[in-house]
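Notes follow the structure.
Just so we're on the same page: letters track the sequence lines, and every chain starts at 1.
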There are 2 protein chains.
Amino acid sequence: MYEKKVAPIALDHIRIGDPFWKPYMELVRNHVIPYQWEALNDRIENAEPSHCIRNFRIAAGLEEGDFQGYCFQDSDVYKWLEAVAYSLMWHKDPELEKTADETIELIASAQQPDGYLDTYYIIKGLNKRFTNLMDRHELYCLGHMIEAAVAYFKATGKDRFLKVAIRFVDCVCENFGTDPGKIPGYPGHEVAEMALVLLYGVTGDEKHLKLAKYFIDQRGQSPLFFEEEEKKNNNECYWNDSYMKKQYYQAGKPVRMQKKAEGHAVRAVYLYSGMAEVASATGDASLFEACETLWNNIVQRQMYITGAIGSTQYGESFTFDYDLPNDTIYAETCAAIGLIFFARRMFEITGESRYIDVMENTLFNAVISGMSLDGKSFFYVNPLEANPESSLKDYYKRHVKIERQKWFGCACCPPNIARLLSSIGGYAYEANTDEIYMNLFIGGEIEAELGGAKQKLSVETGYPWNGDVAVTIHNDAESEFTLAVRIPGWCENYSLEVNGEKIAGADVISNGYAKLKRNWKDGDTVVLKMEMPIRLMEANPRVRADAGKVAVTRGPLVYCLEEADNGKLLQNLSLSDAPEFNCHFEKDMANGVVVIDANGHRTSEKSWGEDQLYRVYSDNKKEDVRMTFIPYYSWANRTPGELLVWVRR
Amino acid sequence: MYEKKVAPIALDHIRIGDPFWKPYMELVRNHVIPYQWEALNDRIENAEPSHCIRNFRIAAGLEEGDFQGYCFQDSDVYKWLEAVAYSLMWHKDPELEKTADETIELIASAQQPDGYLDTYYIIKGLNKRFTNLMDRHELYCLGHMIEAAVAYFKATGKDRFLKVAIRFVDCVCENFGTDPGKIPGYPGHEVAEMALVLLYGVTGDEKHLKLAKYFIDQRGQSPLFFEEEEKKNNNECYWNDSYMKKQYYQAGKPVRMQKKAEGHAVRAVYLYSGMAEVASATGDASLFEACETLWNNIVQRQMYITGAIGSTQYGESFTFDYDLPNDTIYAETCAAIGLIFFARRMFEITGESRYIDVMENTLFNAVISGMSLDGKSFFYVNPLEANPESSLKDYYKRHVKIERQKWFGCACCPPNIARLLSSIGGYAYEANTDEIYMNLFIGGEIEAELGGAKQKLSVETGYPWNGDVAVTIHNDAESEFTLAVRIPGWCENYSLEVNGEKIAGADVISNGYAKLKRNWKDGDTVVLKMEMPIRLMEANPRVRADAGKVAVTRGPLVYCLEEADNGKLLQNLSLSDAPEFNCHFEKDMANGVVVIDANGHRTSEKSWGEDQLYRVYSDNKKEDVRMTFIPYYSWANRTPGELLVWVRR
């Protein structure tokens with residue numbers, strides 16, 4: 001009953017032609033992937049060197065030197081290769097493929113006789129390998145290697161990289177487990193769990209699924225493996241001092257007993273994604289229940305309105321229910337991407353649109369805010385409130401940047417965005433033998449085998465600027481299948497037509513989708529028109545940070561105030577009691593966005609002397625102003641300045 | 001022109017009999033001083049040991065062992081002795097005096113032949129003394145030793161301790177200075193500067209003033225002494241990583257070039273107090289100007305409405321103008337006390353009441369909040385907003401406690417409160433040959449030589465619960481002098497009568513005081529009646545944290561909401577547009593306080609499901625409530641819970 005109801009469509013069957021998303025994919029292809037390659041090779045001036053390729057060359061014996069960079073540096077090249085694979089699926093590029101092949105050869109040449117492959121320990125001493133699973137990242141690197149290898153295999157049909165990954169998996173299988181003489185450990189940073197199930201999908205080798213299941217089941221069992229490791233290594237976990245302790249790694253108790261999302265946010269959602277995969281592949285009810293509980297905890301208690309997660313810089317972690325500070329926030333781009341991974345799997349298992357609602361919200365807000373509109377700079381942290389002086393001078397907001405950066409020493413986010421955006425079509429459309437799901441409204445052409453025959457859907461949409469979506473069916477012969485069109489959670493009014501004929505939503509809605517099941521013939525059209533009014537949102541009163549405040553949204557987009565439009569001291573702006581909103585498309589702003597303006601007030605500074613810090617309250621000092629809201633994701637693409645999402649009312 | 005216009009009255013000439021303050025003094029005498037003595041001797045169960053007395057015993061050769069505790073542990077016994085001295089001035093206690101004398105003997109017996117006296121280096125190795133002025137606290141301990149020694153000399157007439165202090169000063173004079181072969185350094189933690197001027201006041205020895213002036217003038221001169229020290233010690237200052245760098249110590253540039261209060265807040269205000277002392281004693285205009293600039297920066301840009309200072313836990317420091325977060329605040333009790341020291345000196349030099357306005361505000365709010373009503377527990381940090389879960393689970397609010405603690409490893413605050421409260425009469429009344437200033441309205445009997453004759457004032461007041469103050473003059477013969485009665489900055493309406501005859505304020509107000517100059521005869525009475533309405537205050541709109549919020553005050557007291565009266569989630573309360581306030585004295589609450597209530601609203605949680613984090617804003621969900629405000633200083637004396645000062649409006 002936990003078998004996936006829906007599965008990915010091969011990426012080479014999806015050709016995105018969407019005015020909103022295609023440019024992002026082109027940016028990744030034309031800028032991010034080449035830039036990243038330069039970065040991996042330490043050829044970017046004024047940026048922290050990556051050391052990544054060099055570490056592989058040293059490990060392969062091609063160069064002398066010591067390991068440099070983070071212990072998980074290897075994963076950067078894997079994520080890059082994954083993005084390359086996705087890119088090759090929709091845009092052939094022999095030269096890029098050649099570079100990738102050579103890189104894979106380099107990786108392969110560093111592999112040890114027993115399959116082990118982690119440059120940190122190959123260079124620093126193999127006798128220490130697998131001795132600090134808590135804080136070194138061998139199994140994390142393994143996970144990313146698998147994901148890249150599978151993607152590259154699917155993109156090119158070449159199995160060289162896949163075989164390298166399988167050999168490393170074999171090595172891990174040989175060394176890990178609860179049998180005597182084996183290491184009863186598991187990853188300190190999760191990702192291998194979901195990767196192994198992905199690998200199992202390609203190899204069909206039960207051993208691969210079994211290893212994933214072992215990692216999940218063994219995690220947090222008593223005695224705690226990481227505590228035993230500490231004893232052996234005579235060291236102390238940094239997080240023992242915090243209230244999280246081993247839950248920083250989601251390893252303080254068995255995963256089925258974890259009721260709240262805790263600890264490092266990226267680790268957490270990567271683990272939960274793996275749990276969902278294993279639950280599905282093994283039909284494990286208690287494991288799936290744990291996923292649901294954790295999912296609900298996140299989206300009902302610990303998620304920002306932008307879909308971001310991770311309330312604190314301390315441990316880059318979740319904190320506690322309803323604790324969603326806007327200015328000391330962490331909201332790492334990678335964590336948002338991980339939430340999308342988790343959402344996708346929960347959707348695939350349940351077929352329920354509520355998971356895609358979160359995916360869409362996170363994608364349009366918390367994720368794409370992570371990359372500049374020119375694809376050249378990135379946010380690690382995606383705040384909902386920021387100002388330049390605090391970022392500079394407040395130690396506890398130093399992680400909150402008001403300008404995106406070119407690259408990072410710990411470069412997890414840029415390649416993560418790259419691999420997500422290059423494969424975005426796969427998130428938009430999924431299918432099974434009889435159904436095709438339109439999850440995200442992204443224009444393009446999608447081919448799938450449905451009702452036993454080849455179908456092609458052409459999709460055109462003005463999303464997210466309007467809610468009009470038109471689908472045309474192309475097939476050789478009439479065939480019965482279901483076109484499941486997601487009706488987003490934000491959408492209150494819409495109309496749906498098939499070949500010009502109105503469909504009553506109530507008749508066809510199931511699990512949040514309008515399920516149009518019929519004999520489709522070539523040229524049939526479906527037109528969805530969603531009203532996209534401006535919506536003022538409020539947060540649960542248990543969210544202290546948002547008390548008395550509202551957020552402006554339209555369709556899937558959260559809006560924000562920026563200094564460039566509204567001047568400094570954004571917290572002095574408040575919306576009118578009955579705000580009148582206008583919106584219009586500004587083609588020259590931020591590559592074209594719908595801008596919203598509204599009437600509001602500004603607490604005037606004029607009546608205040610330079611020397612006055614407090615005074616008796618007087619009511620008569622508000623100026624009427626017009627407030628300008630822009631889509632949150634597009635902030636910080638002009639003059640650096642203040643940002644505010646939650647506005648006083 | 002910077003000579004002090006007003007000077008302290010000897011504490012044994014002031015007998016406090018005030019219903020508000022006398023109990024605090026009794027608490028200090030009966031609880032704090034004895035408790036602290038036990039603490040200094042490591043006799044408190046379940047509290048971190050102080051090691052303080054033991055360190056002295058080891059340094060004196062009376063016991064074997066290693067130094068333990070902070071490097072500035074010595075200062076704890078000095079602050080204790082200072083509090084004891086003040087206490088002895090108004091309450092003879094031969095047994096306590098005996099204990100103090102014995103302690104002084106112990107201290108003396110640890111003194112080195114050349115006068116050096118710091119147990120840290122005496123125990124750990126004298127060859128290292130004076131080599132890390134930046135982070136070790138020898139000169140800080142010296143400062144507190146001097147302050148205690150002078151106080152004890154004034155209280156008892158015994159000069160044993162004073163001579164010990166002078167010998168240590170001699171040793172420092174011998175070793176420090178810009179002459180060749182001497183150390184061109186100065187204290188990493190200031191306090192010696194003001195202490196040395198105090199000593200100079202007793203000894204009249206120019207050398208003592210000169211050393212103070214040297215410490216002030218040399219501070220921050222190029223090349224920076226602390227940078228030179230770093231090079232020698234081959235270490236790195238922890239704060240080099242922050243934007244503060246050496247300004248953490250107020251040592252990044254010459255003091256006259258410092259325009260904003262920066263760095264560690266206690267250090268800062270201790271330095272500024274010393275600067276004011278030296279400026280006054282040497283008639284240094286540029287130095288006094290620097291004091292004014294720094295004072296203005298603090299009170300106009302960096303001070304909480306409670307009079308607290310220090311916006312961040314990071315370095316326990318000032319941050320930047322208008323940065324006054326209420327929940328990540330530091331607001332150390334000691335910093336507030338230091339601001340009172342600074343205020344007192346600025347007042348003594350200028351005779352202006354605006355300094356006393358700040359002193360009074362800080363005293364009634366930021367300082368006495370630091371001690372529980374039973375005198376048995378203390379706050380280091382005095383937040384304006386707190387909740388139990390954040391204090392427990394938010395790493396960046398872990399310093400914000402919602403319950404006062406018994407004692408601290410770094411026990412600076414409790415003895416600092418003790419010495420301030422034991423000498424509070426000296427802050428309330430100051431004088432010169434012809435004038436007596438009533439700065440704080442504290443009931444009691446004050447003797448002073450005025451107009452060449454002995455005068456006694458009897459003061460009765462219901463302050464801070466009402467604004468009625470009655471003064472009766474007692475003297476043997478009619479004499480001309482000025483009774484300067486401060487009209488507080490918060491007071492908008494008052495009446496003033498001398499012997500039942502109304503005095504028009506406009507005729508007599510100067511520098512914020514009603515200056516009643518006349519021939520006073522025995523039995524003359526002065527009656528001041530200040531109206532004490534509830535006042536809603538607002539912060540300058542540049543203060544982001546307080547936007548859209550107000551604070552309730554009455555007289556000198558800031559009020560707050562507490563969970564015990566108002567339930568959880570205080571941020572959901574807002575005052576009505578036109579709030580109706582009531583206030584009444586509750587004799588059984590918090591030793592008797594005026595409680596304020598007002599009508600307001602609570603954003604209802606009732607309409608929210610457990611599963612809903614965000615929803616479309618709806619206006620119709622506020623419940624009418626009665627809000628109960630209590631004096632800020634009295635919070636956290638009942639069931640631990642939430643706190644809020646700035647309330648939405």
Side-chain angles (χ1 to χ4, degrees), chain A residues 242-243 296 299-303 305 311-315 319-325 327-328 387 389-390 392-396 492 535-545 547-548 550-551 569-572 574 577 602-605 608 610-619 648-649, chain B residues 242-244 296 299-303 305 311-315 319-325 327-328 387 389-390 392-396 492 535-545 547-548 550-551 569 571-572 574 577 602-605 608 610-619 648-649:
Chain A
S242 75
Y243 83 100
N296 289 339
V299 304
Q300 295 170 6
R301 308 286 173 90
Q302 299 205 71
M303 184 178 71
I305 195 169
S311 294
T312 181
Q313 193 270 343
Y314 184 70
T319 52
F320 52 93
D321 290 356
Y322 304 112
D323 182 46
L324 295 161
D327 56 350
T328 53
N387 73 76
E389 195 164 20
S390 293
L392 193 67
K393 297 182 182 171
D394 184 337
Y395 187 76
Y396 299 118
E492 288 168 18
R535 303 203 314 163
L536 273 189
M537 304 299 291
E538 62 181 347
N540 190 307
R542 293 171 189 89
V543 181
R544 289 188 171 81
V550 290
L569 294 169
L570 296 176
Q571 81 284 356
N572 286 326
S574 58
D577 282 345
R602 175 185 275 282
T603 307
S604 173
E605 299 151 53
W608 285 82
E610 277 291 304
D611 57 351
Q612 218 174 1
L613 191 49
Y614 305 104
R615 70 178 184 193
V616 174
Y617 176 76
S618 84
D619 222 346
R648 284 193 297 122
R649 173 99 225 291
Chain B
S242 75
Y243 83 100
M244 293 185 280
N296 289 340
V299 304
Q300 295 169 7
R301 307 286 174 90
Q302 299 204 73
M303 183 180 71
I305 195 167
S311 295
T312 182
Q313 193 270 344
Y314 183 70
T319 52
F320 53 93
D321 290 357
Y322 304 112
D323 182 46
L324 296 160
D327 56 349
T328 54
N387 72 76
E389 194 165 21
S390 293
L392 193 67
K393 298 183 182 171
D394 184 337
Y395 187 77
Y396 299 118
E492 288 167 20
R535 303 203 313 163
L536 273 188
M537 304 299 290
E538 61 181 348
N540 189 307
R542 293 173 189 87
V543 181
R544 288 187 172 83
V550 291
L569 294 169
Q571 81 283 357
N572 286 327
S574 58
D577 283 345
R602 174 184 276 281
T603 306
S604 173
E605 299 151 51
W608 286 83
E610 276 291 302
D611 58 350
Q612 219 175 0
L613 191 50
Y614 305 104
R615 70 177 184 194
V616 174
Y617 174 77
S618 84
D619 222 347
R648 284 193 297 122
R649 175 99 226 287

Next item on the list: Using non-hydrogen atoms and a 4.5 Å limit, figure out which bit of B:D611 sits close to chain A: side chain, backbone, both or neither.
Entry: both
Item checked: chain B contact via A:Y314 - which portion, at a heavy-atom distance below 4.5 Å -> both
Note to self: Checking B:D394 now: which residues fulfil salt bridge (charged side-chain N to carboxylate O under 4.0 Å, His left out) with it, not counting sequence neighbours?
What the structure shows: B:K397
Item checked: Atom group of A:L324 that falls short of 4.5 Å from chain B, counting heavy atoms -> side chain
Next item on the list: Below 4.5 Å from any heavy atom of chain A, which atoms of B:S618 appear? Answer side chain, backbone, both or neither.
Entry: both
Notebook entry, point to check: By a 4.5 Å heavy-atom criterion (distance strictly below it), what part of A:S390 contacts chain B: side chain, backbone, both, or neither?
Noted result: both
Notebook entry, point to check: Between B:M303, B:E605, B:R544, which shows the greatest number of heavy-atom pairs under 4.5 Å with chain A?
Noted result: B:R544
Next item on the list: Could you tell me which portion of A:R615 (side chain, backbone, both or neither) has an atom closer than 4.5 angstrom to a non-hydrogen atom of chain B?
Entry: both
Check: Measuring heavy-atom distances to chain A, does B:Q302 have an atom under 4.5 Å in its side chain, in its backbone, in both, or in neither?
Finding: backbone
Next item on the list: Measure distances from A:Y243 to the heavy atoms of chain B and classify the residue's part below 4.5 Å as side chain, backbone, both or neither.
Entry: side chain
Next item on the list: Tell me, for A:R535 versus chain B, whether the close heavy atoms (under 4.5 Å) come from the side chain, the backbone, both or neither.
Entry: side chain
Checklist line | Minimum heavy-atom distance A:Y614-B:I305, with the two atoms named | finding: OH-N, 3.1 Å
Next item on the list: Identify which part of A:V550 has an atom lying under 4.5 Å from any heavy atom of chain B, answering side chain, backbone, both or neither.
Entry: side chain
Check: Any donor and acceptor pair, going by atom type alone, linking the side chain of A:R648 with main-chain N or O of A:G548 inside 3.5 Å?
Finding: no
Item checked: Contacting moiety of B:S242, where chain A heavy atoms sit under 4.5 Å -> neither
Notebook entry, point to check: With only heavy atoms counted, which part of B:R542 is less than 4.5 Å from chain A, the side chain, the backbone, both or neither?
Noted result: both
Checklist line | Side chain / backbone / both / neither for B:S574 at chain A, heavy atoms under 4.5 Å | finding: neither
Check: Run the side-chain contact (heavy atoms from CB on, under 4.5 Å) check on B:T319 and A:K393 step by step: do they pass?
Finding: CA-CA 7 Å; B:T319 52; A:K393 297 182 182 171; 5.7 Å; no
Item checked: side chain to side chain donor-acceptor pair (under 3.5 Å) against A:N572, all qualifying residues, sequence neighbours excluded -> none
